[in-house]
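One structure below.
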2 protein chains.
Amino acid sequence: MIKCDRCQLRRMSGFRSMSADEAKLIGDFKSGEMRCEPGMNLISEGTFSPHLYTVLEGWGFRYKSLEDGRRQILNYLVPGDLIGLQGALLQEMDHSVEALTPMRLCVFERSRFLTIFEKSADLAFDVTWIASREERILDGHMLSLGQRTALERAAYLIVFLYYRGLRSGLLVPTNAQIPLSQNLIADTLGLSLVHTNKTLKRLAQRKLIVWRGRACEVLDPEGLCALAEWEPPPAGPRPLI
Amino acid sequence: MIKCDRCQLRRMSGFRSMSADEAKLIGDFKSGEMRCEPGMNLISEGTFSPHLYTVLEGWGFRYKSLEDGRRQILNYLVPGDLIGLQGALLQEMDHSVEALTPMRLCVFERSRFLTIFEKSADLAFDVTWIASREERILDGHMLSLGQRTALERAAYLIVFLYYRGLRSGLLVPTNAQIPLSQNLIADTLGLSLVHTNKTLKRLAQRKLIVWRGRACEVLDPEGLCALAEWEPPPAGPRPLI
DNA sequence: CGCCTGCTTGAACGCTATCAAAAAACGTGG
DNA sequence: CCACGTTTTTTGATAGCGTTCAAGCAGGCG
């Protein structure tokens with residue numbers, strides 16, 4: 001497991017190196033750390049959050065809801081992700097964020113956000129890079145929601161999370177268990193719970209995955225990729241703010 | 001119609017004001033202008049584009065495809081939008097961009113992109129603001145694709161574009177015709193062409209819209225909003241890069 | 001032990017896709 | 001202005017994927 005220290009995280013997960021000045025800047029920007037237990041809401045749609053967060057440890061997810069309760073999970077959060085960037089920078093959030101496993105977060109003051117931009121072009125660029133990558137991911141999810149069949153969609157989601165977990169240090173190839181309930185998968189894929197269950201079973205019959213109560217184990221990443229017509233993005237260095 | 005001059009555009013569409021220094025910086029960054037006719041591909045998935053663009057005039061759209069031809073339209077482009085930010089900043093594009101109407105674009109050198117960040121924190125912030133707003137929009141689209149019914153989805157898309165057009169100066173309330181084919185709508189909503197046609201007809205029967213060959217006229221924006229359980233975002237000033 | 005949450009299963013219904021074809025609109029050249 | 005090919009929109013019929021309804025089962029926890 002990752003030791004939840006910024007430097008360690010940086011080394012283990014392929015983050016880009018950072019100068020002493022930059023590290024100090026971030027230190028000033030940082031206002032603390034916090035933990036968050038599964039099921040806990042970090043951010044609620046419609047509220048204003050004076051904080052930004054960086055995920056240091058654990059899984060989380062972002063979602064939006066309609067008034068009658070229908071819920072769409074937008075994306076999952078892993079170490080290195082910024083929370084609070086997605087909704088317009090200085091307005092109220094238009095999505096909610098919840099922890100999937102115990103999380104550890106680095107807390108920033110949103111009001112001091114502009115300082116980062118004034119003091120370090122590189123860090124500002126990193127922030128934009130992260131936002132840009134999130135967009136790329138959302139593009140992929142939209143393609144899935146709009147065009148793929150239920151089976152393809154499920155395969156896509158699971159390999160996507162598999163590689164996301166590997167790259168962020170949350171999973172290791174020898175023991176790749178993604179912490180999920182089928183209810184969450186249903187709300188991510190835009191399918192009913194019943195049909196999600198039957199779809200996952202079909203993936204299991206093909207020996208692509210195994211379901212283990214509240215977790216999904218990946219058996220054949222390549223097979224899932226082929227089924228979904230998808231490839232994981234190249235694993236380059238990435239910034240950590 | 002908008003005169004396609006940056007200052008004019010700025011005044012007409014509620015863009016934030018910009019200092020002389022910033023204007024000069026953008027002038028240096030800019031490498032030219034171009035026009036683009038309907039159906040023309042500005043960017044193709046999988047290629048590397050040495051340019052970034054700002055839309056000055058006209059409608060466009062971004063899309064991704066699966067290998068067997070299924071296509072998902074991700075978002076529409078209007079004046080003020082940046083093109084090329086979405087795919088990771090310095091990698092090959094993972095989506096395509098096409099013009100919907102004749103477009104006029106401002107062309108930037110991607111290689112000089114970092115300069116903006118070094119020279120002006122405010123402009124860097126603007127870029128991030130734009131990326132962040134795009135994410136918010138994509139979140140809304142995902143909610144739609146995953147959770148709304150066909151009728152709600154169509155209503156959402158149309159009011160969404162209606163307000164987008166108004167805010168960017170492409171439409172005026174007295175004559176709000178959104179330039180679209182039903183084929184594009186189908187690929188945006190993740191529905192078949194046939195069913196899209198029948199769904200639009202239902203919206204027309206409810207007197208919410210009227211279809212006029214290759215364009216959709218909005219009759220009742222509030223009615224569409226109510227059907228989609230959606231509200232347009234507040235119309236604040238926005239940056240133009 | 002009993003309750004609660006999460007997973008599983010079967011059957012019936014219905015929304016949306018697919019197939020097939022025609023009508024309408026559009027652009028172009030004569 | 002008309003004829004023609006092409007694209008776009010429209011319509012009806014049939015099939016199927018995914019939803020909904022309704023239970024039942026399994027496992028964790030107080």
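Note on naming: letters A, B, ... go to the chains in the order of the sequence lines (proteins, then strands), and numbering restarts at 1 for each one.
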| query | Does B/Asn197 have a side-chain nitrogen or oxygen under 4.0 Å from the phosphate oxygens OP1 or OP2 of D/dT9? | reply | no

| Which of the following nucleotides, D/dG18, C/dG10, D/dT9, is nearest to the side chain of B/Arg214? | D/dT9

| Separation of C/dT16 P from B/Leu189 CG (nearest whole Å) | 11 Å

| query | Can you list the steps and then say if A/Trp211 with A/Gln182 is a side-chain contact (heavy atoms from CB on, under 4.5 Å)? | reply | CA-CA 10 Å; A/Trp211 191 265; A/Gln182 296 191 2; 3.4 Å; yes

| message | Distance check needed: D/dT11 P versus B/Arg202 CZ, whole Å only. | response | 14 Å

| Quick one: B/Lys198 NZ to C/dT16 C1', roughly how many Å, whole number? | 9 Å

| query | Where the side chain of B/Val194 is defined as all heavy atoms beyond and including C-beta, which of C/dT16, D/dC21, D/dG12 is the nearest nucleotide? | reply | D/dG12

| message | I need the CD1-P distance between A/Ile185 and C/dG6, as an integer number of Å. | response | 13 Å

| request: Using a cut-off of strictly less than 4.0 Å, decide whether A/Gln182 has a side-chain nitrogen or oxygen near OP1 or OP2 of C/dT8. | output: yes

| field | Value in whole Å for how far the C1' atom of D/dT9 lies from CG of B/Leu184 | value | 14 Å

| message | Classify A/Gly190 by what it touches in the nucleic acid, base, sugar-phosphate, or nothing, heavy-atom distance under 4.0 Å. | response | sugar-phosphate

| note | The nucleotide from D/dA22, C/dC7, D/dG18 with an atom nearest the side chain of A/Thr149 is D/dG18

| remark: Closest to the side chain of A/Leu191, out of D/dT19, D/dT9, C/dT16, is D/dT19

| For the residue pair B/Leu52 and B/Leu85, what are the closest heavy atoms and their distance? | CD2-N, 3.9 Å

| query | Under 4.0 angstrom, heavy atoms only, what part of the nucleic acid is A/Ser192 near: base, sugar-phosphate, or nothing? | reply | base

| request: Return the value, rounded to whole Å, for the distance between atom CZ of B/Arg212 and atom C1' of D/dT10. | output: 18 Å

| query | B/Leu180 has an atom CG; how far is it from atom P of C/dA25, in whole Å? | reply | 19 Å

| Parallel, tilted or perpendicular: which describes the rings of B/Trp230 and B/Tyr156, with under 30° parallel and over 60° perpendicular? | perpendicular

| Side chain of B/His195 - closest among C/dC19, C/dA17, D/dA22 | C/dA17

| request: Would you mind reading off the distance between B/Asn183 atom CG and C/dA17 atom P, rounded to a whole angstrom? | output: 13 Å

| field | No-hydrogen, no-angle side-chain donor-acceptor test under 3.5 Å, A/Glu134 and A/Asn75 | value | yes

| Only one of A/Leu77, A/Leu171, A/Leu180 forms a side-chain contact (heavy atoms from CB on, under 4.5 Å) with A/Trp59, so which one is it? | A/Leu171

